[in-house]
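Written below as structure tokens is the structure these notes are about.
Lettering follows sequence order; numbering is per chain, from 1.
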Amino acid sequence: MPRNFDFAEAEPRVYDWWQENGWFKPESAAADAEPYVISMPPPNVTGSLHIGHALFTALEDLMIRYERMRGKAALWLPGTDHAGIATQLQVEKLLADEGTSRNEIGYEEFLQRTWQFKEEQGGAIIRQLRRLGASCDWDRERFTLDDGLSKAVIHAFITLWEQGLIYRGPRLVNWSPGLRTAVSDLEVESNEEEVTLYYFRYPVEGGDYIPVATTRPETILGDTAVAVHPEDERYRHLIGKCAIVPILQREIPIIADDAVDMEFGTGALKVTPAHDFDDYELARKHNLALLNILNKDASMNAEAGKYAGLDRYACREELWRDMTAARLTIKTEPYVTRIPRSQRGGEVVEPMMSTQWFVRIQPLADKAIAAVRAGRVKIVPKRFEKIYFHWLENIQDWCVSRQLWWGHRIPAWYREKDGDPEGEIYVGFEAPRGDGWVMEQDVLDTWFSSGLWPFSTLGWPQETSDLGRFYPTQMMETGHDILFFWVARMVMMGLWFTDTPPFHTVYLHGLVRAEGGVKFSKTLGNAIDPLTVVDKLGADPLRFTLITSGTPGNDCHLDEKRLDHSFRFINKIWQMTSFINMNLDGEIELGLPPVEELDLPSRWILSRLNRLIENVQYLFDIHQYGEAGNQILAFMWDEFAPFFLEISKHALYQGDLAPKTAARRVLVHAQDRCLRLLHPFMPFATEEAWRFIPQAGNALIVADWPVAERDLIDDEIEARMQAFLEVVREIRNTRGEFRVDPGRRIQALARDGAAARDLARHGHILARLCNVDSLALLPAGADEPPNAASIVVGDITVFLPLEGMLDIAAECERLAAELKKIAQQLARAEKMLANENFVARAQPAVVQRERDRLEDLTSAKAQLDERLANLCP
RNA sequence: GGGCGUUUAGCUCAAUUGGCAGAGCAUCCGGUUUACACCCGGAAGGUUAUAAGUUCGAGUCUUAUAGCGCCCA
């Protein structure tokens, strides 16, 4: 066995071996195995791996490997997303670097370039996922723009159209001027920014004026009304009169509406229905005209009069200058408000009238709400259900058309009729018969195809065998940031098209952040690149760290130091395996000897092990994988390795075959179970280590998941061993305190008693763990040894004769401190047990535990008292 | 404005149904004891944000306040 785990050599080799054996495929399970399916959240096909991908990979691979070990037909279906806007932007940037643009090269050429870009980039991210150990069924990999998925998307669109759930029409939408496309509400992010609030006079016919405040003066040019509150004494007399749009001199009505906030600004509101969502509603109510003043690039159009052609912000300045000259301005002041920006481009989004395709979403949303209410879909953690409900209950129709070129083209054709070039609309798979039909240029929102992902990837709408066997899926693991974008839409589409929720459980993870909660970003230079970590430490430490650093639904602050710790944990596992391996000496019988043939340490470690398995199972059941990982680590590093492994050397290094064999079998068994438990967390190192201990299976990846053997859990054994280990710790402390050379073997005496005799029988424990040569019993009534330090644990008193090293004053101080501690604990236990309510109402086990403690503490205190009296006059 | 989360050791985070608050890193002390210096043994570090309440018992449940973060308008 190699001295260290060579992850760089082992990872690719082991990964290929797994794949060549077909273990990533659900067909490797028994034919009648229950399926367990996760659809991978498809990363952008041209993206590169970041820490968020690493987190989902670690979690989903953990879930898949766990269920595979439990004998399920585990299918983790991978794929990539064409990511409309993101990818198109990347290609446009390439073109810009070449000094050209998409409009210059044209539609066909642009698509060809984008496909070429996808082929060049595509697969990079998939290769990166494989480096992390993702056990996906790569034969089933899909891409949202592949033929099958495209057909599914078109089918879904046509079906919704035929059901009357898709309509096309002019609406106020969020318009991204940089991208020249509509975007959905979700793709707009509003954050508070410092802007200017402009106060000005709105002239009224007859020479009067109304003061109005706005943050966007250029929209004055698109005003079609001024609104005031009907009960506002300041302006009541003006209601019904006409206001005059500054510079343009256009007449618009002054209307009254109680939606106007009298407190804000001047209490009067300019109404720009074509460029503001609230104003749009107001305009519908009052039947006001809609006046679009912007071009698609957010420059001013002809309606802006002399400002036509100016950029919106240039227009803002120039108009304000002109209004100042016209003595219409009052003042400006700094103001903080939320500015809507495009999630992708980052530029300020303008509400704009535009003809778009919409999904009438309410009927779909109703089903999605009902499914979660009925528990047919479970969201972990549960609090996200509230957020989910709130969004779906207030949902707006979904604008699904995008004025992009990269995506699923909307399957609609137009033909001129009565002078309207779009007078006739046809929706279908292919162009309708007849002349003059022109296909729709717009493509669908990327999330439209993503919404179909759990079933489109399995062959839907065809009734494929995969669809029958693997749908609905079991687990949807993804980030809580795309609960609306993706999860809710999958639930809606899944229920609508397949009559089944697309998955049973939604597990939401948080964002990975840097120390102090700051976002990872390239500009801050604080990004942890998963591939750099994998190069340096291997995939396993990254995976283990990511999983054990957070809890479901909460952001995790990744501390790079923990990566090193995980790396060292893997080394620890390797060394433990190595130790067991080199002490085997040939074949051994698998399984455990009968429990009655086992010694105390063996029974102790098996009890602890099975308790661990039980806890881990519970934690997996409630999706607390991080805590499970930490508990396995704690067991191995704090109990198994430092105590059992050390103690077992006694049996392994001496001559008797029976105890040697027993020790070997216990060691192999416990290490085997630990490696199994850890496999979903760190697949490479565990698989590789497992080869070096005797086992019956082919590979750890398909070995059985451990089940706790409750018979082996033994409270009494654990308590006995715990007391012994406490003696060990005390002896170590005492040695340290009196500066006893660590290499020096010392003698120990114990005052006779049942526990002491028990301890004496296990003298090798003290020998191995604290370098005590032997433990002799001091007959009852015998004098205490002179110049001895003493330690008291429960009813065990151990004397360490330390002639020449013992400082009586220091020992007295130590004992007094110990006594103080014991006395405090004793007082606490006494107080609790004196409380009738506690005794009557607490769980009996808790009361009993406290009684036992009281007994131990009382005994310890008595011995300490006596010791102090003898030694320290 | 509405909602959600969070506040625990210097830093990053745990704590399973309420039952003696724990890790890692950092700090200090001591060790090459033949699985491991990628290690071992020890120490120190806490009024669990604040204030009330429920309970025999609260980090955990309730209410209020404050800071931080997120979502929705």
Side-chain angles (χ1 to χ4, degrees), chain A residues 1 3-5 185-186 189-190 277-278 338 381 383-384 386-387 389-391 394 480-481 483-484 510-511 513-519 537 541 545 548-551 553-583 614-619 621-622 624 626-631 633-634 637-638 641-642 645-646 649 653 667 728-729 731-737 739-745 768-771 824-825 828-829 831-843 845-847 849-850 853:
Chain A
M1 181 170 182
R3 190 173 163 77
N4 291 104
F5 174 53
D185 305 343
L186 286 177
E189 287 175 348
S190 298
F277 287 98
D278 294 329
R338 299 178 72 96
R383 65 185 151 87
F384 283 101
K386 261 192 200 170
I387 299 169
F389 287 136
H390 182 260
W391 187 69
N394 298 284
H480 66 65
D481 52 328
L483 178 63
F484 307 142
L511 269 61
R513 289 167 178 279
E515 203 170 317
V518 273
K519 240 179 178 164
L537 303 173
T545 305
T548 53
S549 287
T551 47
N554 294 325
D555 291 352
C556 90
H557 297 185
L558 191 59
D559 184 348
E560 288 195 75
K561 305 282 175 42
R562 291 192 59 141
L563 290 168
D564 291 322
H565 185 246
S566 298
F567 178 82
R568 299 204 320 269
F569 179 39
I570 286 159
N571 178 62
K572 187 76 187 177
I573 295 164
W574 192 260
Q575 299 308 331
M576 291 168 75
T577 310
S578 174
F579 168 80
I580 294 167
N581 173 274
M582 68 179 60
N583 282 291
E614 205 171 56
N615 285 345
V616 167
Q617 187 60 57
Y618 172 74
L619 291 165
D621 288 345
I622 59 169
Q624 296 280 350
E627 178 63 11
N630 283 327
Q631 288 198 13
L633 177 145
W637 215 329
D638 301 337
L645 228 94
E646 286 303 319
K649 288 175 183 172
Y653 295 169
L667 283 166
V728 167
R729 269 184 282 267
I731 293 176
R732 283 173 173 173
N733 271 341
T734 311
R735 291 181 65 129
E737 195 131 352
R739 312 252 167 214
V740 179
D741 178 358
R744 176 170 168 176
R745 299 218 116 190
R768 278 283 158 195
L769 298 180
C770 47
N771 217 3
Q824 274 169 0
Q825 292 176 355
R828 185 182 170 279
K831 192 181 158 199
M832 280 179 83
L833 288 165
N835 183 338
E836 284 174 27
N837 278 322
F838 171 72
V839 177
R841 297 188 197 197
Q843 294 163 33
V846 175
V847 177
R849 201 187 312 152
E850 214 53 42
R853 257 165 64 79

Distance check, [atom1] atoms only: [N] and [M], in whole angstrom units.
N	M	atom1	answer
B:G41	B:U33	P	14 Å
B:A52	B:A14	C1'	28 Å
B:G24	B:C70	C1'	27 Å
B:G10	B:G69	C1'	22 Å
B:U17	B:G1	P	36 Å
B:C71	B:C61	C1'	26 Å
B:G46	B:G31	C1'	30 Å

NA contact type, [X], heavy-atom cut-off 4.0 Å: base, sugar-phosphate, or nothing?
X	answer
A:Leu645	base
A:Phe5	nothing
A:Gln843	base

Please tell me if [X] has a side-chain N or O lying less than 4.0 Å from either OP1 or OP2 of [N].
X	N	answer
A:Lys649	B:U33	no
A:Trp637	B:C40	yes
A:Ser578	B:C36	no

Under-3.5 Å N/O pairs linking protein and nucleotides 52-54 of chain B:
none

Check: Quick one: the side chain of A:Arg853 and the base of B:C20, do they pair up donor-acceptor inside 3.5 Å?
Finding: yes
Check: Would you say the base of B:A37 and the side-chain of A:Gln575 have a donor-acceptor pair closer than 3.5 Å?
Finding: no
Next item on the list: Could you list the residues that satisfy side-chain contact (heavy atoms from CB on, under 4.5 Å) with A:Lys649, not counting sequence neighbours?
Entry: A:Phe579, A:Glu646, A:Tyr653, A:Arg768
Check: What residues form a side-chain contact (heavy atoms from CB on, under 4.5 Å) with A:Asp621, not counting sequence neighbours?
Finding: A:Tyr66, A:Gln617
Taking only N/O atoms, report every protein-nucleotides 4-9 of chain B pair under 3.5 Å with atom names and distance.
residue	atom	partner	partner atom	Å
B:C4	OP1	A:Lys386	NZ	3.2

Margin query: Wobble G-U and Watson-Crick pairs count when both distances are under 3.5 Å; given that, what is the 5' to 3' dot-bracket string of RNA chain B, with | for pairing to other strands?
Written below: (((((((..((((.....[..)))).(((((.......))))).....(((((..]....)))))))))))).
Note to self: Can you confirm whether more than 12 heavy atoms, excluding those of A:Arg744, are under 6.0 Å from its CZ atom?
What the structure shows: no
Next item on the list: Give the nucleotide from the list B:C20, B:C72, B:C38 with an atom nearest to the side chain of A:Arg338.
Entry: B:C72
Notebook entry, point to check: Which nucleotide in the list B:C29, B:G19, B:C71 gets nearest to the side chain of A:Phe484?
Noted result: B:C71
Margin query: Here's a test of your reading of the structure: between A:Glu646 and A:Asn571, which maps to the more 5' nucleotide of RNA chain B?
Written below: A:Glu646
Atom pairs under 3.5 Å, N or O on each side, protein against nucleotides 43-45 of chain B: can you list them with distances?
none

